Amino acid sequence: MKPTAEEVLCQAVWAYWAVRQVGHPELRQSARQWIQEQPAVYAYVVRRLQAALKAARRSLQSAWAPYSGFPVGAALVALDGTLWRGCNVECSSYGLTLCAERGALSSAVVHHRRAFLALVLVSRAAAPIPPCGACRQVLYEFAPRLLVLSEAVHSSARQLWWLEQLLPEPFSRALLPR
Ligand code: THU
């Protein structure tokens, strides 16, 4: 059966991840083959991720992090290609701090976006940071198959994870009593 447009986009995101898996030549080879068959969709996804990186770097400039001195910028790529930005917002009552990821998610949801292809995260840490545990669970609510791309802006080092790698045993609505 012919895959839906949504499935093809998810396959392109998978190919983006797979070609970057050093040490897995068979995976990379099958991703390269997929890209040859769907070059336009792949190029589109790469362009959206590049735009999301720019958007996340811009969000980093808006972060309010006077207490930790640790600004974070985020951008979510919605299924329709739109980008939704967030930054961390700290508070003198420290526990009320909002993470960049949840800021981005709330901005997307208020604009009726509830399906996402990828999250881009940037910080000035020495190495790319993964989303915190609380954000993993909240992201799972809307995007269980999310690709997370994190960049350490100073070194340009990047890392990719699937949300399901970061949150292998999620709590989900399926576990709630009806
Ligand atoms: N922070 C985020 O915004 N996202 C994360 O996933 C990790 C932590 C923020 C919260 C706080 O403002 C600062 O980084 C230090 O923890």
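Everything quoted here is computed from the prediction, not taken from an experiment. When a ligand or atom number is given, it counts from 1 through the structure's own listing order. Atoms considered below: every heavy atom in the structure, side chains included; atoms not considered: hydrogens, waters and symmetry mates.
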Checklist entry - Looking at Cys132, which atoms of ligand 1 are within less than 4.0 Å of one of its heavy atoms? => result 5 (C), 6 (O)

Distance to 0.1 Å, residue and atom name: give those for the protein heavy atom nearest to [atom].
{"atom": "atom 3 (O) of ligand 1", "result": "Ala100 N, 2.9 Å"}
{"atom": "atom 10 (C) of ligand 1", "result": "Thr97 CG2, 3.9 Å"}
{"atom": "atom 8 (C) of ligand 1", "result": "Cys99 SG, 4.2 Å"}
{"atom": "atom 9 (C) of ligand 1", "result": "Asn88 ND2, 3.4 Å"}
{"atom": "atom 16 (O) of ligand 1", "result": "Phe70 CD2, 4.7 Å"}
{"atom": "atom 12 (O) of ligand 1", "result": "Glu90 OE2, 2.5 Å"}
{"atom": "atom 6 (O) of ligand 1", "result": "Glu101 OE2, 2.5 Å"}

Ignoring hydrogens and geometry, is there a side-chain-to-backbone donor-acceptor pair from [X] to [Y] under 3.5 Å?
{"X": "Ser59", "Y": "Ala55", "value": "yes"}
{"X": "Ser150", "Y": "Pro130", "value": "no"}
{"X": "Gln21", "Y": "Ala18", "value": "no"}
{"X": "Gln38", "Y": "Ala12", "value": "no"}

Next on the checklist: If you count heavy atoms of other groups shown closer than 6.0 angstrom to CZ of Arg32, is the number above 12?
Outcome noted: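 Yes - once you tally the heavy atoms of other residues, nucleotides and ligands closer than 6.0 Å, there are more than 12.
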
Checklist entry - How about Gln165: does its CD atom have over 12 heavy atoms from other parts shown lying under 6.0 Å from it? => result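 Check passes, neighbour count above 12.
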
Item to check | Pro131 to ligand 1, any heavy atom closer than 4.0 Å | outcome: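 For ligand 1, residue contact (heavy atoms, under 4.0 Å) with Pro131 is present.
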
Checklist entry - Transitively linked via ILVMFWY side-chain contacts under 4.5 Å: Tyr140 with Val13? => result no

Checklist entry - Would Leu53 end up clustered with Leu121 when hydrophobic side chains under 4.5 Å apart are linked, directly or stepwise? => result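 Hydrophobic grouping puts Leu53 apart from Leu121.
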
Next on the checklist: Does only the side chain of Cys135 get under 4.0 Å from ligand 1, or the backbone, or both, or neither? Count heavy atoms.
Outcome noted: neither

Checklist entry - Quick one: does ligand 1 sit under 4.0 Å from the side chain of Ala65, the backbone, both or neither, non-hydrogen atoms only? => result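 No part of Ala65 comes within reach of ligand 1.
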
Item to check | Check: Leu98 N/O within less than 3.5 Å of ligand 1 N/O | outcome: no

